[in-house]
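Remarks on the structure that follows.
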Number of protein chains: 2
Amino acid sequence: MKIVFLGTGSSIPTKKRNQPSIALKYNGDVLLFDCGEGTQRQIVHTDISPMKIKHIFISHLHGDHILGISGLLQSMGLNKRKIPIHIYGPPETEEVIRSVMKLGFHTTFDIYIHEISTDSPQCVLDGEKYQIYSYPMKHSVPTLGYIFKEKKKPQLDIKRAMELGVMMGPDLRRLKEGYPVISKDGKKVYPEDVLLPPKRGISIAYSGDTLPVKGFGEFIRSLDCRILIHEATFDSTKEDHAIETMHSTIEDAINIGCIGKVEKLILTHLSARYDDETENYLREFKTLREEKGIDAIVAEDLMEYPLISKGGGNIGVNVSCHLKASKVIL
Amino acid sequence: MKIVFLGTGSSIPTKKRNQPSIALKYNGDVLLFDCGEGTQRQIVHTDISPMKIKHIFISHLHGDHILGISGLLQSMGLNKRKIPIHIYGPPETEEVIRSVMKLGFHTTFDIYIHEISTDSPQCVLDGEKYQIYSYPMKHSVPTLGYIFKEKKKPQLDIKRAMELGVMMGPDLRRLKEGYPVISKDGKKVYPEDVLLPPKRGISIAYSGDTLPVKGFGEFIRSLDCRILIHEATFDSTKEDHAIETMHSTIEDAINIGCIGKVEKLILTHLSARYDDETENYLREFKTLREEKGIDAIVAEDLMEYPLISKGGGNIGVNVSCHLKASKVIL
């Protein structure tokens, strides 16, 4: 389980950085966050199988975040993919994907489009093992941040279960599944008698392109996010330009990481100018990281970040999952 | 002046080969032949300025030959390009470019679309210094090969002009431009009295994706083509697959090069399978090259091939230039 940074640049690709895309390998599935031009070729340099991509989450409909979708879908078709793919994005995603499909794409599988409102946060995918939340960000077009949240089952306190006379075997599974059982002594044992809090699951937030949004920091904190991948297109000398183009500076991203109290902040979406001025960017980054006392790194293309579930309880989440609209394009 | 091979792979990109695109740098202009996904990033690794691209020639409307156009145009827009760009392709090119433009592209310049009939060969661009011809090829969709042909002016035989008493100065230019002049002795001197045949210009043919087309070899010979860039997707062990998918084998391409009597044959569009089996491909290529006695190489990504005009006369061309239809999209 890991995050693979496929493209860590911004609107124009450079020698060092391709246009934005981040893959999350989780239990055999691959989730893609944005899909800039050339993403399928970046994937060739990793151990990711494009055929395992189940969900693509688009932050916004700017070309540098979506132009890789068409080629990726086409290659899946050439490889005779049969399983469907789900694409999530802001309103008008369907129209854009329909345009994409005119560019020589031969479909061999179903594509489900999920258009997500940018009015308020919501749960957009409630899977067996994880959930995905969206959060409205602030960019020149409707933009969404996304949060991946692993679902963790409670852990059984075997020692306590034995003390209470629970019979080994199927009863242990029943307790884990939330049902009470009868002990060897004929007493009723309830799940809460023998269950420990679940391990702290993997939880990752991704900002997309955005001005700093304070509420996003608070939202990811409420979701107990451990990792925040935040855009930091510019350094402080380009602050005016960041505001004008509706992007974040290094300091903006670090501030959101601090509000979110994340364990690890990963900066991405660096302006093309930093290919030649990496040192300037990194100097400011290191100074600010020190000042704010945050654990942070700057992403690089093809960098992999390993993921592990940890001890400690999950914080409750009170966002309901109600995304219903999905469409099939044939 | 050179050819830069930006992408020498086929439908699916590999570690070694990006999807098809070839740039021709000629006297400050750049001409692009096909534009697969990721072409703009390949360009970053060369000395080509995307802003100098004046003409894009699309062989056919399959995704792997066109998916780079959108990002390339978008980056030109982000760099505030003002000068127009001309895109040439088979029928329906306009519709495809219109779809491309829905993908987040902000236009700052005019785009002229030139749709070319695939019924017969024609001159599709008659510039001051060069012409471009199209030739109908045989693929699963309407496909065009293209020929770049440099225009060379006749050379003046100064010694002969002096013998005939031509006055130095403007009269020499008049003769070069095709007008007669009066000599020091009052005699009329005609251009044909003092002009040598022009140098042999640069002339390059590109096949696009195609089954071998014998007439194409003969056509490029009639145009005195010195260089042929021909697709050779498969080796002979995949001949059935080549026919089925309407591509050429190494031998097919070499045969066309022999018919065309080109000085240099450059093979491109290698199937993704040869990334791991390069040796098999090259073994057959070298054997056939030896057998057929042709000067040939296999293109690689970012390979540059220098171009020079040579001595020796041009062979006459009897294809008329009549492409009129052009449209502006704003």
Side-chain angles (χ1 to χ4, degrees), chain A residues 7 9-19 35-46 50 58 60-79 92-106 140-141 209 245 271-272 275 301-302, chain B residues 7 9-19 35-46 50 58 60-79 89 92-93 95-106 140-141 209 245 271-272 275 301-302:
Chain A
S10 56
S11 53
I12 296 176
T14 67
K15 282 186 187 172
K16 293 181 188 162
R17 296 178 188 273
N18 201 46
Q19 289 163 314
C35 186
E37 181 182 351
T39 294
Q40 65 166 328
R41 189 163 191 219
Q42 294 293 91
I43 289 175
V44 171
H45 293 277
T46 71
I58 302 299
H60 63 300
L61 300 173
H62 275 164
D64 53 322
H65 290 249
I66 56 171
L67 286 176
I69 295 177
S70 182
L72 186 64
L73 296 183
Q74 175 167 308
S75 293
M76 288 171 178
L78 288 169
N79 282 319
E92 298 185 25
T93 295
E94 188 191 343
E95 191 191 337
V96 167
I97 299 297
R98 282 192 185 276
S99 293
V100 154
M101 291 178 60
K102 284 188 188 156
L103 307 178
F105 168 60
H106 306 286
S140 52
V141 294
D209 286 12
T245 56
S271 162
D275 238 33
D301 274 25
L302 305 181
Chain B
S10 56
S11 54
I12 296 176
T14 67
K15 282 185 187 173
K16 294 181 189 161
R17 296 179 188 273
N18 202 47
Q19 289 163 313
C35 186
E37 181 181 352
T39 293
Q40 64 165 326
R41 191 166 190 216
Q42 293 294 91
I43 288 175
V44 171
H45 293 277
T46 71
I58 303 299
H60 64 298
L61 299 173
H62 275 165
D64 52 322
H65 290 250
I66 55 171
L67 286 176
I69 294 177
S70 182
L72 186 64
L73 297 183
Q74 175 168 306
S75 293
M76 289 171 179
L78 288 169
N79 283 319
E92 299 185 25
T93 295
E95 191 192 337
V96 167
I97 299 297
R98 283 192 184 275
S99 292
V100 154
M101 291 179 60
K102 285 189 186 157
L103 306 178
F105 169 58
H106 307 286
S140 51
V141 295
D209 286 11
T245 57
S271 161
D275 238 33
D301 274 26
L302 305 181

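Every chain is numbered from 1, with letters handed out A, B, ... down the list of sequences.
- Only the side chain of A:Gln42 comes within less than 4.5 Å of a heavy atom of chain B; its backbone N, CA, C and O stay farther away.
- Here the closest non-hydrogen pair linking B:Glu37 and A:Gly38 is OE2-N, 2.6 Å.
- Nearest heavy atom pair, residue B:Ser11 against residue A:Ser75, reads O-OG, 4.3 Å.
- Residues satisfying the side-chain contact (heavy atoms from CB on, under 4.5 Å) test with A:Thr93, not counting sequence neighbours, are A:Leu61, A:Ile87, A:Pro90, A:Ile97, A:Ile113, A:Glu115.
- The two residues B:Asp301 and A:Arg41 make their nearest non-hydrogen contact at OD2-NH2, 4.0 Å.
- Partners of A:Asn18 by side chain to side chain donor-acceptor pair (under 3.5 Å), not counting sequence neighbours: none found.
- The minimum heavy-atom distance linking B:Leu67 with A:Ser70 is given by the pair CD2-OG, 3.3 Å.
- For the atom pair CD of B:Gln74 and NE2 of A:His62, the computed distance is 8.0 Å after rounding to the nearest 0.5 Å.
- Using a 4.5 Å heavy-atom threshold, the side chains of A:Val44 and B:Ile12 count as separate.
- Here the straight-line distance linking atom NZ of B:Lys15 with atom NE2 of A:His45 works out to 7.0 Å at 0.5 Å rounding.
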